[in-house]
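Since the model is a prediction, treat every value here as computed from it, not as a measurement. Each chain gets a letter, A, B and so on, in the order the sequences are listed, and its residues count up from 1. Values below: all heavy atoms of this structure, side chains included; hydrogens, waters and symmetry mates excluded.
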Number of protein chains: 2
Amino acid sequence: MPTREMFEQFKDHIGKFVKIDEQEFAQIITYFRIRFVDRKENLLEQGQVCNVNYFVLEGLLRKFFINEKGVQQTTEFALENWWMTENFSYLHRTPTEFYVQAVENTRVLSIDRTAYEELLLDHPCMERYFRCVYQKAYAAAQMRVKFIYGHSREELYHQFRQNYPAFIQRVPQFLLASFLGVTPEYLSEIRKKSVS
Amino acid sequence: MPTREMFEQFKDHIGKFVKIDEQEFAQIITYFRIRFVDRKENLLEQGQVCNVNYFVLEGLLRKFFINEKGVQQTTEFALENWWMTENFSYLHRTPTEFYVQAVENTRVLSIDRTAYEELLLDHPCMERYFRCVYQKAYAAAQMRVKFIYGHSREELYHQFRQNYPAFIQRVPQFLLASFLGVTPEYLSEIRKKSVS
DNA sequence: CGGATCGTTGATCAACTTCAACGGTCGTGG
DNA sequence: CCACGACCGTTGAAGTTGATCAACGATCCG
């Protein structure tokens with residue numbers, strides 16, 4: 001049984017966007033389930049329709065697809081307090097091309113489509129909350145496109161290193177390479193250049 | 001003075017996501033202004049804080065920034081029934097690095113920050129509407145990242161050509177090159193290959 | 001007619017990949 | 001507790017993709 005404390009940080013996150021009282025929050029959490037995901041375990045696999053949205057309480061998720069060369073290509077990480085889902089599959093109810101996998105042992109809140117729709121109807125403040133969350137996520141995705149277009153792969157690495165130094169410690173190098181869109185070999189070369 | 005018909009398509013767009021009656025819509029449009037933008041005219045310039053959101057009724061907008069080599073890099077187009085704003089600057093109230101410019105003579109609905117916030121408080125259905133719009137836009141942005149990472153520049157062009165054949169007719173080639181992240185010279189070479 | 005803008009062409013150059021090989025580390029089974 | 005294999009990071013040579021630069025033609029518009 002999930003305890004109150006487990007949800008405290010979720011309440012804080014909601015609180016960043018909308019005002020919410022103790023009572024209503026107690027109602028809201030009933031729409032969610034808590035789930036533990038082992039390292040390397042998949043929350044979503046290619047071919048499935050994504051019907052669930054995940055909120056990371058602790059740990060780290062990644063989203064990737066298999067490109068035509070058969071190589072995993074990571075497109076996204078989700079740390080604590082980030083939402084992770086495959087929106088395209090979720091919205092269009094089409095089979096996804098993505099996997100969502102735990103990089104570390106991870107604890108998430110999950111909410112499926114049915115519960116999500118009920119939640120939004122029953123609690124208008126959550127409509128506002130998700131509007132804010134998606135607007136912010138959209139802004140972040142747009143800035144990411146700007147970064148990709150505006151910099152060489154080498155610069156991307158240095159930017160990323162500067163912006164998320166702690167994260168680089170946390171994730172193995174070949175996953176970082178995959179996320180940056182370079183081969184592990186080239187990332188290794190970039191790193192060599194910058195230490196010498 | 002804007003006429004009722006001018007807003008008809010905006011009503012249709014809202015109607016795709018939420019149910020709305022004639023009366024409420026009549027209220028809602030009072031929060032917006034209509035604006036005509038000439039070709040090459042800027043709706044936003046680098047250094048400004050973006051406080052306005054635009055809905056394209058007719059025409060075409062593009063968003064671009066100037067990269068460190070002094071070259072315009074297009075990151076986004078907005079056709080009819082798309083929203084265009086610089087979300088990052090809008091959300092954080094920081095000076096933007098982007099320009100928003102009309103590619104064709106364009107007619108937009110505009111809503112500034114103050115009116116937007118009032119609109120959302122006065123009309124909860126619009127909170128839902130924008131939640132849906134941003135969720136969809138976020139999904140599109142994520143798929144775009146997938147496309148960029150999963151294909152060579154040449155493949156990107158062919159994909160784009162296949163998905164938006166009409167659009168390619170509409171936009172000059174150097175802008176398309178800029179959007180795809182290639183030089184005009186290289187796009188020219190790609191096109192030569194595919195006709196021969 | 002004249003100038004700006006846009007698309008094209010070809011040669012050279014830089015960024016990044018591919019491939020093959022090697023060494024270190026970690027976890028698991030014996 | 002050791003040994004083995006899997007996994008990961010590194011190195012270097014050769015190859016590919018796409019950029020840069022300079023020049024030229026075509027078109028459009030004043």
Side-chain angles (χ1 to χ4, degrees), chain A residues 38-41 60 62 64 66-74 77 99 101-105 145 147-161 167-196, chain B residues 38-41 60 62 64-75 77 99 101-105 145 147-161 167-196:
Chain A
D38 288 337
R39 196 169 101 89
K40 305 223 170 174
E41 187 181 340
L60 176 59
R62 61 185 271 252
F64 65 92
I66 310 286
N67 68 20
E68 71 270 6
K69 289 167 196 151
V71 177
Q72 292 187 3
Q73 181 73 54
T74 301
F77 289 108
Y99 295 77
Q101 190 178 87
V103 177
E104 310 168 352
N105 294 335
V145 171
F147 269 96
I148 294 173
Y149 276 165
H151 303 278
S152 68
R153 298 301 161 96
E154 183 169 351
E155 288 168 331
L156 280 187
Y157 168 72
H158 290 302
Q159 289 279 349
F160 194 80
R161 183 195 171 94
F167 184 72
I168 290 200
Q169 306 296 92
R170 197 165 161 182
V171 69
Q173 199 169 308
F174 73 101
L175 284 187
L176 183 59
S178 172
F179 177 74
L180 293 173
V182 299
T183 58
E185 294 94 329
Y186 190 56
L187 180 54
S188 180
E189 196 174 318
I190 292 170
R191 281 165 47 87
K192 186 172 59 164
K193 269 196 260 181
S194 58
V195 289
S196 62
Chain B
D38 288 337
R39 197 170 100 89
K40 304 222 170 176
E41 186 182 341
L60 177 58
R62 61 184 270 253
F64 66 91
F65 66 96
I66 310 287
N67 69 20
E68 69 272 8
K69 291 167 194 150
V71 176
Q72 290 186 6
Q73 181 73 53
T74 302
T75 61
F77 290 108
Y99 295 77
Q101 190 177 85
V103 177
E104 309 168 352
N105 294 335
V145 171
F147 270 96
I148 294 174
Y149 276 164
H151 304 280
S152 69
R153 297 301 160 99
E154 183 167 354
E155 288 168 331
L156 280 187
Y157 168 72
H158 291 302
Q159 287 281 349
F160 194 80
R161 184 195 170 93
F167 184 73
I168 289 200
Q169 306 297 93
R170 196 166 162 182
V171 69
Q173 199 168 309
F174 74 100
L175 283 187
L176 183 58
S178 171
F179 177 73
L180 293 174
V182 300
T183 58
E185 293 94 329
Y186 190 57
L187 180 54
S188 179
E189 195 174 319
I190 292 171
R191 281 164 48 87
K192 186 173 58 163
K193 269 196 260 182
S194 58
V195 290
S196 62

Next on the checklist: Using every non-hydrogen atom in the two residues, find where B:E154 and B:I190 come nearest and quote the distance to one decimal.
Outcome noted: CA-CD1, 3.7 Å
Next on the checklist: With a 4.0 Å cutoff (strictly under), does any side-chain N or O of A:Y186 reach OP1 or OP2 of C:dT17?
Outcome noted: no
Next on the checklist: According to side-chain contact (heavy atoms from CB on, under 4.5 Å), who are the partners of A:N67, at least two apart in sequence or on a separate chain?
Outcome noted: A:F65, A:K69, A:V71, A:Q73
Item to check | Degree of bending, the helix from C:dC1-D:dG30 to C:dG30-D:dC1 (end axes from five pairs; round to 10°) | outcome: 40°
Next on the checklist: Going by the rule salt bridge (Lys or Arg N to Asp or Glu O under 4.0 Å), which residues pair with B:E155 if we only count those two or more places apart in sequence or in a different chain?
Outcome noted: none
Checklist entry - Who pairs with B:R170 by side-chain contact (heavy atoms from CB on, under 4.5 Å), at least two apart in sequence or on another chain? => result B:L60, B:L79, B:E80, B:E104
Item to check | By side-chain contact (heavy atoms from CB on, under 4.5 Å) - contacts of A:F147 (at least two apart) | outcome: A:H151, A:L156, A:Q159
Next on the checklist: Can you tell me how the ring of B:F179 sits relative to the ring of B:F160, calling it parallel under 30°, perpendicular over 60° and tilted otherwise?
Outcome noted: tilted
Next on the checklist: Testing the 3.5 Å rule here: is there a donor-acceptor pair between the side chains of B:R161 and B:Y157?
Outcome noted: yes
Item to check | Distance, rounded to the nearest Å, where A:H158 contributes NE2 and C:dA15 contributes P | outcome: 12 Å
Item to check | Euclidean distance, atom CZ of residue B:R153 to atom P of C:dC16 [Å, nearest integer] | outcome: 10 Å
Item to check | Span of DNA chain D, from the first to the last nucleotide whose atoms fall under 4.0 Å of chain A heavy atoms | outcome: D:dC8 to D:dG12
Item to check | Whole-Å distance separating the CG atom of A:L187 from the P atom of C:dT18 | outcome: 15 Å
Checklist entry - Near DNA chain C, under 4.0 Å by heavy atom, which residues of residues 64-73 of chain B? => result none
Next on the checklist: Quick test of your reading: applying side chain to side chain donor-acceptor pair (under 3.5 Å), list the pairs with at least one residue in residues 177-190 of chain B, sequence neighbours left out, ordered by first then second residue.
Outcome noted: B:T74-B:S178
Could you go through nucleotides 19-29 of chain C and list every protein N or O atom that sits under 3.5 Å from one of its N or O atoms, giving the distance for each pair?
unit_1, atom_1, unit_2, atom_2, d
C:dC19, N4, A:E185, OE2, 3.4

Next on the checklist: B:Y149: which residues meet the side chain to side chain donor-acceptor pair (under 3.5 Å) condition with it, sequence neighbours left out?
Outcome noted: none
Next on the checklist: Using the rule given for side chain to side chain contact (heavy atoms under 4.5 Å, CB included), can you reason through B:R153 versus B:L187, listing the C-alpha separation, both sets of side-chain angles and the distance that settles it, and then say yes or no?
Outcome noted: CA-CA 9 Å; B:R153 297 301 160 99; B:L187 180 54; over 6 Å; no
Item to check | Contact residues, residues 173-184 of chain B to DNA chain C [heavy atom, < 4.0 Å] | outcome: B:Q173, B:F174
Item to check | Separation of C:dG7 P from B:I168 CD1 (nearest whole Å) | outcome: 13 Å
Next on the checklist: My understanding is that only residues two or more places apart in sequence, or in another chain, count here; which of them pass side-chain contact (heavy atoms from CB on, under 4.5 Å) with B:I66?
Outcome noted: B:F64, B:Q72, B:Y99
